[in-house]
Amino acid sequence: MPGRFRDVAVGCAFLGGAALLWFETTREHYAATGARAGFNTIFFPRLVLATIACLALVLIVRGILSGPRGALPPAGAPASAWRLLGIVLAMVLYVAAIPALGFTIAGWLFVPVMLGMLGFFARPLACVAVSLAFPPAVWVFVRDLLNIQLPISPWFNIL
Amino acid sequence: MMEDFAAGLAMILSLSVIVAMAAGTAVGILVGVLPGLGTVVALTMVLPFTFAMEPLVSIALLLGVYCGSVYGGSVTAILINAPGTPQSAATMLDGHPLARRGHADLALGYATVASLFGGLFSIVVLVLLAPQLAAFALRFGPIEVFALTLFSLTCIASVSRESMIKGLLAGALGIALTTVGPDPMTGDIRFNFGLHQLSAGIGLIPTLVGLFALSEVLMRVADRRPSPPGDPKVGFRIAPWVKWRGLLVTLLRGSTIGSFIGALPGTGAGTAAFVSYSEARRTSRRRENFGNGEPEGVVAAESANNAVTGGALIPTLALGIPGDPATAVMLSTLIVQGVVPGPNLFAEQMPLLYAIFLSLVVVNVMMFAMGALGSQLFTRALRAPEPVILVGIVVLSMVGSYAVRNNAFDLAITVGAGLLGYALRRNGFPLPPLAIGMVLGPLIETSLRQSLLISRGDILVLGRHPIALVLFSLVAIFLLWPVLRGRVTRGKQARSCR
């Protein structure tokens, strides 16, 4: 997307989001909720949404008139969209797997995949060692040492 | 007085108290270092052990955990750009850029010394001014708290850097996120869209961890951002005295802000750190370096958030009113142990009070020593290959996000916040205002609505309270300050041209 319209698009996204949430506040459910001296439960959210809408409008108008402003991220090497998408997908699957498989087993699946996508397969021994050792090490430290509960595997009580 | 002091000193010079302080500080730093696990989690972890202890031993343990966890959060904020605790969100702004430039050792040195200074300063305030400050804090009703939070929101202007509109939008988005879940006044559920998991609201910690830590991972993956040249300096280094001399005012100001805000019930260290950071940036000669690894930013944030530890104990001990959730846990322990905080504590149990003050001093010194030693270990992690560091950040972020509420839905919130943070950063939005909005959002809503309820909807009541009026005037001055400064500068330039 040309830089000039970037702020306009982002402003529209904010405006659309604010409009959607405002529409949500018009539901009958909220009308019945605890009104006190005229300030019910949606008074504050509406105040914030109106502020967001006003600021988004300013961003859109400014984008149309003068192009994008603000500090864009520093330029690095060309972005690898597929790699990024792969990492995001791996994170989503990891998050879904943690409650289903348990923290350690999900970690054993996620860590090598992510290391591979980040190019760490060039050092296979280190990759295997990190993949095998890291999730149980975190498990032992957090669960046994700090006594903080983590999702447990449905098959093995110790992982 | 000297007899009471000597009796207090004798009380803490027992092996069990010293071991409790050391163990508490170590556990606090360890838990604080893990992204997401905050002070309250750390305190509740050790709470069951305190029931079998003597009063002073249990208090020493809790004080160690309290101070250690506040400091520990800054280590993660500096090294991996993930706030270990919400209090350390402001430390990230300059601490992590300094570490990225290869000076992690120096950044940790600044943070540790500033933490020690802030902690000790707040103890002096606690000893000298506890009853007076506690009485003043009682004059802070909802209207004054609203004015203070509005004042704190002006921090957004100072951390927005190039684009004020984008900063304000991010701040408003942060506040909007806090409106999801139960209404703080009535308990009615808002914006859950039929998802019962959202009924408890969007957790602050999972969101902050996702916003900063996961978005950092995604940014590094997408850009293949080069690591800083050379090996990152590991260990712990204290800057020479020449550097510190220029930071003394920032240290004192940050510690004063932290002690004062800490004494106000319900405000917290996150607010203090951002206010102090904002003030440092506003008055600094090197303000253009803020956000790029300016040590003054680290010192401002760290001195303030650690000064809150002593400040929050002022209403806790003098009035029996907890200053923040962490001191609420400590207050409950005191009561269980048969120590009833309040004005009588200052009149009848002075030796115990002195023992608590002295424990706090020792805990701060232990925190400094353990922080210096621990930094050798923590910074070594930076020498691991980049993929291993990134995987470590993701896994530890998930641990921290899950552990706060033992809720798997928080993991999804973390990933969602990571994607949101990435999208915002890609489009030039600063993330700190969003964090400020999320920290202050519930406080603003509650105080504003309480004020309006008390006044039966009369908005003019906000201007009838002297303290609030002073704070509102400061808000106006700070908002107009950039404009005024611009005019003065232009005037000076015009005169010099002539």
Side-chain angles (χ1 to χ4, degrees), chain A residues 6-7 10 14 21 24 30 33-34 36-39 41-45 48-49 51-52 55-56 58-59 62 68-73 76-77 79-81 83-84 87-88 91-92 94-95 98-99 103 107 110-111 114-115 118-120 123 126 130 134-135 138 142 146-151, chain B residues 30-31 34 37 41 45 161-163 165-166 168-169 172-173 175-176 179 183 185-186 188 190-191 193 214 217-219 221-226 385-388 390-392 394-396 398-399 402-403 406 408 411-412 414-415 418-419 425-430 445 448-449 452-453 456-457:
Chain A
R6 213 169 177 178
D7 282 358
V10 175
F14 270 102
L21 289 175
E24 165 73 10
Y30 292 107
T33 52
R36 305 272 191 285
F39 300 101
T41 193
I42 48 168
F43 157 71
F44 187 74
V48 179
L49 292 174
T51 309
I52 290 178
L55 291 168
V58 174
L59 191 68
R62 209 182 58 176
R69 286 188 200 182
L72 290 174
S80 164
R83 204 163 65 118
L84 182 67
I87 297 278
V88 170
M91 277 186 199
V92 171
Y94 177 47
V95 162
I98 287 175
F103 177 80
F110 169 74
V111 172
M114 185 149 166
L115 284 176
L118 292 171
F120 200 57
R123 297 163 67 178
V130 171
F134 188 53
V138 173
V142 173
L146 299 179
N147 203 20
I148 293 171
Q149 296 302 308
L150 289 173
Chain B
L30 272 179
V31 175
L34 287 173
L37 299 183
V41 174
M45 269 170 54
R161 305 178 69 188
E162 281 83 358
S163 176
I165 294 293
K166 288 182 176 178
L168 291 173
L169 253 176
L173 179 63
I175 298 174
T179 63
D183 177 342
M185 303 282 288
T186 63
D188 295 312
R190 304 179 295 199
F191 302 125
F193 304 100
L214 290 196
V217 170
L218 295 176
M219 288 293 282
V221 168
D223 284 348
R224 283 180 180 274
R225 274 206 262 168
E386 174 106 336
V388 177
L390 296 185
V391 168
V394 175
V395 173
L396 291 177
M398 294 307 166
V399 171
Y402 179 84
N406 283 358
L411 300 175
T414 304
V415 173
L419 294 174
R425 286 170 79 168
R426 275 267 159 243
N427 288 290
F429 281 80
E445 175 169 12
L448 173 64
R449 285 175 62 191
L452 292 172
L453 280 171
R456 296 181 184 276

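So you know, we letter chains A, B, ... as the sequences are listed, proteins then strands, and number each from 1.
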**Q** Looking at A:V95, A:V142, A:L150, A:V138, which one has more heavy-atom pairs under 4.5 Å with chain B than the rest?
**A**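 Most heavy-atom pairs within the cutoff with chain B belong to A:V95.
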**Q** Once you round to the nearest 0.5 Å, how far does CG of A:L118 lie from CD of B:E386?
**A** 8.5 Å
**Q** Within this structure, what is the CZ-CG distance for the pair A:F134 and B:L396, rounded to the nearest 0.5 Å?
**A** 4.5 Å
**Q** Please classify the contact of B:L419 with chain A as side chain, backbone, both or neither, using a heavy-atom distance under 4.5 Å.
**A**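 Answer is side chain: those atoms of B:L419 sit under 4.5 Å from chain A.
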**Q** Identify which part of B:L390 has an atom lying under 4.5 Å from any heavy atom of chain A, answering side chain, backbone, both or neither.
**A**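 When you check distances to chain A, atoms from both the backbone and side chain of B:L390 fall under 4.5 Å.
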**Q** Residues two or more places apart in sequence or in another chain: which of them pass side chain to side chain donor-acceptor pair (under 3.5 Å) with A:E24?
**A** A:R27, A:Y30
**Q** Is the shortest heavy-atom distance from the side chain of A:F44 to the side chain of B:D183 under 4.5 Å?
**A** no
**Q** Please identify each residue that fulfils side-chain contact (heavy atoms from CB on, under 4.5 Å) with A:L21, with sequence neighbours left out.
**A**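 Result, side-chain contact (heavy atoms from CB on, under 4.5 Å) vs A:L21: A:L49, B:F191, B:F193.
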**Q** Name the region of A:P45, side chain, backbone, both or neither, that has any atom closer than 4.5 Å to a heavy atom of chain B.
**A** both
**Q** Should A:R83 and B:V221 count as side-chain neighbours, where that means a heavy-atom distance under 4.5 Å?
**A** yes
**Q** Is B:V388 in contact with chain A via its backbone, its side chain, both, or neither, using a 4.5 Å heavy-atom distance?
**A** both
**Q** Side-chain contact, heavy-atom cut-off 4.5 Å: B:V395 with A:M114?
**A** no
**Q** Heavy atoms, side chains only, cut-off 4.5 Å: are B:L411 and A:Y94 in contact?
**A** no
**Q** Shorter than 4.5 Å, heavy atoms on both sides: which option in A:V58, A:V92, A:V130, A:L115 has the most such pairs with chain B?
**A** A:L115
**Q** What is the distance from atom CG of B:L173 to atom CG of A:L55, rounded to the nearest 0.5 Å?
**A**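 Going from CG on B:L173 over to CG on A:L55, the span is 11.0 Å.
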**Q** Could you tell me which portion of A:I52 (side chain, backbone, both or neither) has an atom closer than 4.5 angstrom to a non-hydrogen atom of chain B?
**A**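 Interface part for A:I52: both.
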**Q** Could you check whether any side-chain heavy atom of B:L169 comes within less than 4.5 Å of a side-chain heavy atom of A:F14, counting everything from C-beta outward?
**A**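 When only atoms from C-beta onward are counted, A:F14 and B:L169 do touch, with a gap below 4.5 Å.
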**Q** Of the listed residues (B:V415, B:L218, B:V217, B:L214), which shares the most heavy-atom pairs with chain A below a 4.5 Å separation?
**A**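 When all of B:V415, B:L218, B:V217, B:L214 are compared, B:L218 has the most.
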**Q** State, to 0.1 Å, how close B:R426 and A:R6 come at their nearest heavy-atom pair, and which atoms those are.
**A** O-NH2, 2.9 Å
**Q** Let me confirm one number: the CZ-CD1 distance from A:R62 to B:I165, rounded to the nearest 0.5 Å.
**A**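 Between atom CZ of A:R62 and atom CD1 of B:I165 there are 6.0 Å.
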**Q** Going by heavy atoms in the side chains, are B:K166 and A:D7 under 4.5 Å from each other?
**A** yes
